[in-house]
A.B. asks: 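Right, I'll just put the structure down here and ask away after.
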2 protein chains.
Amino acid sequence: MKVAELAKSLGTTADTVRYYTRLGLLKPAKSVNGYKSYSNKEVSRLKFILSARNLGFSVADIKEIINESEDGKSACPLVRSLIKERLEETEKQFQAMLALRGKMSSALSQWEEMEDKAPTANMVCHLIENFEQIKKA
Amino acid sequence: MKVAELAKSLGTTADTVRYYTRLGLLKPAKSVNGYKSYSNKEVSRLKFILSARNLGFSVADIKEIINESEDGKSACPLVRSLIKERLEETEKQFQAMLALRGKMSSALSQWEEMEDKAPTANMVCHLIENFEQIKKA
DNA sequence: CTTAGACCTGTGTCTAAGACACAGGTCAAG
DNA sequence: CTTGACCTGTGTCTTAGACACAGGTCTAAG
């Protein structure tokens with residue numbers, strides 16, 4: 001199997017496959033013509049990687065998980081611990097985005113009814129420089 | 001004013017100031033000793049940049065805004081149009097994070113009551129490989 | 001057999017927004 | 001003058017791939 005075939009068969013891109021290969025997550029054999037040749041084992045390996053990415057694991061996490069399992073150990077405890085970390089991070093980012101979204105949409109609606117002003121020596125744009133979020137009552 | 005002084009006075013880092021300087025958003029004079037020397041104008045300029053970043057504008061956006069204002073034009077229309085774009089992006093990311101968060105927390109709770117398993121030839125971790133999100137009723 | 005064109009490949013570079021490392025410069029105290 | 005503390009500019013690193021590109025491969029036509 002060539003790079004593009006593998007990629008298409010699992011709905012991803014050749015670049016992604018190459019990237020995982022570069023990191024050593026996939027270990028294709030060398031074909032006679034120098035092309036990388038992926039076996040069925042690589043297919044299920046890639047399937048695993050894509051599932052894990054989809055669940056929020058980083059590529060580094062996945063590398064760690066694979067290493068553990070290649071030592072014959074159960075990766076389950078590691079997997080549980082990693083997802084706990086990632087979930088916390090996601091929660092933080094989620095809250096940050098929530099706040100940002102509120103700020104932005106508040107700014108947008110304020111600005112729609114404010115006039116344009118030309119810049120001055122110490123003011124680039126009064127919309128931004130005078131914006132203060134209205135506190136919730 | 002030296003880099004670190006400027007940074008501290010506005011609650012940011014010297015690296016950030018250097019970064020904006022590298023991009024040409026700040027234009028310090030050269031001090032005799034080769035150090036960059038920031039004036040009061042730079043202070044308000046940096047204040048503007050930080051406000052804009054805080055509102056979700058990218059550094060590239062800010063560069064564009066500043067360029068507009070340095071041409072003497074009002075940047076307000078550009079600012080309104082840019083924030084609309086950024087807000088849409090933020091909304092998309094927000095929804096993505098919402099979904100991811102749900103998936104992750106669902107996985108975590110499922111996995112807490114599942115047993116560990118050793119890896120097999122075609123399975124790295126059954127927790128991940130067998131995970132399927134429970135559809136909402 | 002040869003050639004043209006389409007498609008594929010591996011490698012190297014680029015992205016955002018700074019953080020970090022590091023060799024060397026500056027400055028005040030002794 | 002020297003020591004040490006702090007500061008500086010420059011260059012490299014980060015994520016997870018996307019993109020560019022020179023060149024190789026393969027199929028069909030001549």
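In the text below, chain A, chain B and the rest are named by the order of the sequence lines, each starting its count at 1.
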A.B. asks: Ignoring hydrogens and geometry, is there a side-chain-to-backbone donor-acceptor pair from B:E129 to B:V124 under 3.5 Å?
C.D. replies: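 Flag set: sc B:E129 to bb B:V124 pair under 3.5 Å.
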
A.B. asks: Between C:dG18, C:dA19, D:dG17, spot the one nearest the side chain of B:Y20, thanks.
C.D. replies: C:dG18

A.B. asks: Check which hydrophobic residues are tied to A:M123 through side-chain heavy-atom contacts below 4.5 Å, counting indirect links as well, and list them.
C.D. replies: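 The other cluster members (ILVMFWY side chains, heavy atoms under 4.5 Å, direct or chained): none.
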
A.B. asks: Tell me which pairs pass salt bridge (charged side-chain N to carboxylate O under 4.0 Å, His left out) where either residue lies in residues 10-24 of chain A, with sequence neighbours left out.
C.D. replies: A:D15-A:R18

A.B. asks: Considering only heavy atoms, which members of residues 55-69 of chain B lie under 4.0 Å from some atom of DNA chain C?
C.D. replies: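 B:S58, B:V59 - these, ordered by number, are the residues of the stretch whose heavy atoms sit under 4.0 Å from the strand.
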
A.B. asks: Residues of residues 40-53 of chain B with any non-hydrogen atom less than 4.0 angstrom from an atom of DNA chain C: list those, numerically ordered, please.
C.D. replies: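 Output list: B:R53.
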
A.B. asks: Restricting to pairs with a member in residues 23-36 of chain A, which pass salt bridge (charged side-chain N to carboxylate O under 4.0 Å, His left out), not counting sequence neighbours?
C.D. replies: A:K27-A:E70

A.B. asks: So A:W111 and A:F131, would you call those rings parallel, tilted or perpendicular, with 30° and 60° as cut-offs?
C.D. replies: perpendicular

A.B. asks: Looking at residues at least two apart in the chain, or sitting in another chain, which of them share a side chain to side chain contact (heavy atoms under 4.5 Å, CB included) with A:S39?
C.D. replies: A:K41, A:E42

A.B. asks: Rounding to 10 degrees, work out the angle separating the end axes of the helix from C:dC1-D:dG30 to C:dG30-D:dC1 (five pairs an end).
C.D. replies: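 Nearest ten degrees gives 40° for this helix.
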
A.B. asks: Over how many whole Å does the gap from A:L10 atom CG to D:dG17 atom C1' extend?
C.D. replies: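 So the two atoms are 17 Å apart, to the nearest Å.
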
A.B. asks: Filter on side chain to side chain donor-acceptor pair (under 3.5 Å), then keep only pairs touching residues 47-61 of chain B, sequence neighbours left out; what's left?
C.D. replies: A:K103-B:N54, B:S58-B:D61, B:D61-B:R86

A.B. asks: Strictly below 4.0 Å: does B:T16 bring a side-chain N or O up to OP1 or OP2 of C:dA19?
C.D. replies: yes

A.B. asks: Apply side-chain contact (heavy atoms from CB on, under 4.5 Å) to B:L82 and B:E85, showing your working.
C.D. replies: CA-CA 5 Å; B:L82 283 174; B:E85 285 179 53; 4.1 Å; yes

A.B. asks: With sequence neighbours left out, write down each residue that passes salt bridge (charged side-chain N to carboxylate O under 4.0 Å, His left out) with B:E91, or none if nothing qualifies.
C.D. replies: A:R101

A.B. asks: Please figure out whether A:V32 or A:Y19 has its closest DNA chain D nucleotide nearer the 5' end.
C.D. replies: A:Y19

A.B. asks: Considering only distance and modelled atom types, tabulate donor-acceptor pairs under 3.5 Å from the side chains of residues 112-119 of chain A, sequence neighbours left out.
C.D. replies:
| unit_1 | atom_1 | unit_2 | atom_2 | d |
| --- | --- | --- | --- | --- |
| A:D116 | OD1 | B:R80 | NH1 | 2.9 |
| A:D116 | OD1 | B:R80 | NH2 | 2.9 |

A.B. asks: List the residues meeting ring pair (Phe, Tyr, Trp, His ring centres under 6.0 Å) with B:F94, not counting sequence neighbours, and say none if there are none.
C.D. replies: A:F94

A.B. asks: Do B:E68 side-chain atoms and B:E64 backbone N/O form a donor-acceptor pair below 3.5 Å?
C.D. replies: no

A.B. asks: Any chance CG of A:N40 has more than 12 other-residue heavy atoms, nucleotides or ligands included, within less than 6.0 Å?
C.D. replies: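 No.
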
A.B. asks: D:dT15 P sits how many Å from B:Q93 CD, rounded?
C.D. replies: 19 Å

A.B. asks: When you check every protein heavy atom under 4.0 Å of nucleotides 1-12 of chain C, what one-letter string (B, S, -) results, 5' to 3'?
C.D. replies: --------SBBB

